[in-house]
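We number each residue from 1, following the sequence as shown.
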Amino acid sequence: QAPDVTKVGNDYYIYYSVSTFGSQNSAIGLARSSTMDPNSFTDLGTTGVQSNPSKPYNAIDGNLVEANGNFYLTFGSFWGGIYQVQLTSGTPTRAQGSSWRLAYDPSDPAMEGPTLFKYMNYYYLFFSKGTCCGYDKNRPATGKEYRIMVCRSTSPTGGFVDKNGKSCLLGGGTVVLQSHNWVYGPGGQGVYDDPKEGPVSEPGKVIPDARY
């Protein structure tokens with residue numbers, strides 16, 4: 001579940017999550033293909049990013065970024081917020097060293113699905129926040145449903161703040177898209193660098209301002 005594809009050299013790397021809903025027993029796996037055609041992927045197994053109830057995070061929703069010749073996998077859901085770990089150089093297949101936290105809200109830790117995207121001098125950390133599921137039976141309080149947030153930093157590994165300068169580690173985050181009109185609980189965002197339109201995300205063109 002939650003696949004995320006990145007081209008590295010001549011190959012496509014797809015990072016996927018192995019988990020069940022509401023469980024912290026999770027892992028991020030990896031498959032690789034040179035074409036992305038059906039049945040062309042080779043499963044490389046675990047990246048070494050795993051979690052259980054003893055960990056401060058939930059190891060799902062992996063997203064790869066390359067910066068200054070290094071590879072970083074950003075991940076996380078609910079338990080402890082959004083985390084990051086460095087992967088092996090050359091071929092980003094395994095975690096190296098310990099992970100660290102990029103974003104957290106101590107008063108509302110429901111955040112997940114990070115996407116890290118570089119534009120000009122900034123790295124933009126998009127993530128989904130709020131209650132995502134079960135809307136047919138129970139809806140959260142207004143404003144607490146799923147919504148897309150962003151923080152940014154000049155470094156890919158930390159120092160993320162929102163539009164007002166509030167740390168993303170202390171509950172910061174600028175709203176990019178929230179419930180409106182017939183749209184309820186938007187999330188699960190990604191960013192695409194269109195050759196003509198520039199970087200776009202679910203709500204349309206959000207960079208360079210990204211609501212900043």
Side-chain angles (χ1 to χ4, degrees), residues 2 4 6 15 17 56-58 60-68 72-85 99-133 135 139-194 196-212:
D4 185 270
T6 303
Y15 297 86
S17 304
Y57 52 77
N58 189 25
I60 67 169
D61 295 350
N63 172 254
L64 184 72
V65 68
E66 182 178 4
N68 304 317
Y72 301 97
L73 191 70
T74 307
F75 64 95
S77 172
F78 286 70
W79 286 272
I82 306 300
Y83 278 73
Q84 190 178 77
V85 68
S99 59
W100 57 91
R101 187 154 59 185
L102 294 186
Y104 180 61
D105 187 340
S107 63
D108 185 8
M111 51 203 312
E112 61 185 1
T115 296
L116 194 56
F117 185 86
K118 186 181 183 183
Y119 183 75
M120 299 183 70
N121 296 323
Y122 288 98
Y123 291 88
Y124 291 83
L125 176 63
F126 294 87
F127 57 93
S128 300
K129 187 175 183 180
T131 301
C132 70
C133 311
Y135 294 154
R139 290 197 175 188
T142 301
K144 295 296 184 180
E145 69 273 14
Y146 229 35
R147 56 205 184 276
I148 299 172
M149 314 290 289
V150 68
C151 288
R152 73 180 184 183
S153 172
T154 55
S155 168
T157 60
F160 289 90
V161 298
D162 65 14
K163 182 178 180 179
N164 297 318
K166 186 175 182 179
S167 172
C168 213
L169 285 169
L170 298 173
T174 301
V175 175
V176 175
L177 187 68
Q178 58 190 342
S179 297
H180 62 283
N181 301 329
W182 52 268
V183 176
Y184 186 82
Q189 69 296 319
V191 182
Y192 170 67
D193 198 355
D194 185 270
K196 294 179 63 176
E197 299 296 329
V200 295
S201 184
E202 183 175 341
K205 194 168 184 179
V206 298
I207 301 177
D209 66 284
R211 297 299 187 266
Y212 274 82

Sub-4.5 Å side-chain heavy-atom contact between [X] and [Y]:
X: D61; Y: F127; result: no
X: T174; Y: M149; result: no
X: P109; Y: W79; result: no
X: L73; Y: Y15; result: yes
X: Y124; Y: V150; result: yes

Worked check of side chain to side chain contact (heavy atoms under 4.5 Å, CB included) between L102 and F160: CA-CA 7 Å; L102 294 186; F160 289 90; 4.0 Å; yes
Ignoring hydrogens and angles, tell me if any N or O in the side chain of R101 forms a donor-acceptor pair with the backbone of G80 under 3.5 Å.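 Checked: pair present.
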D162/K129 ion pair, N-O < 4.0 Å: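 No, no charged N to carboxylate O under 4.0 Å.
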How are the rings of Y83 and Y57 set relative to one another: parallel (under 30°), tilted (30 to 60°) or perpendicular (over 60°)?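 Ring orientation of Y83 relative to Y57: tilted.
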- Task: Hey, can you tell me if Y135 and Y184 have their rings parallel, tilted or perpendicular (30° and 60° cut-offs)?
- Result: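 Judged by the thresholds at 30° and 60°, the geometry between Y135 and Y184 is perpendicular.
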inquiry  = Can you confirm whether the side chains of S155 and T157 place a donor and an acceptor under 3.5 Å from each other?
reply    =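 Yes, because at least one side-chain N or O of S155 sits under 3.5 Å from a partner of the opposite role on T157.
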Can you tell which of T6, T74, D4 makes a side-chain hydrogen bond (donor to acceptor under 3.5 Å, both in side chains) with N63?
->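 Answer after filtering T6, T74, D4: D4.
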Answer yes or no: are there more than 12 heavy-atom neighbours, outside Y122 itself, under 6.0 Å from its atom OH?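 No, because the 6.0 Å sphere around OH of Y122 holds 12 heavy atoms or fewer from other groups.
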Exercise for review: Step through the shown structure and confirm whether more than 12 heavy atoms of other residues, nucleotides or ligands are within 6.0 Å of CG on D194.
Suggested key: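 Correct, the count exceeds 12.
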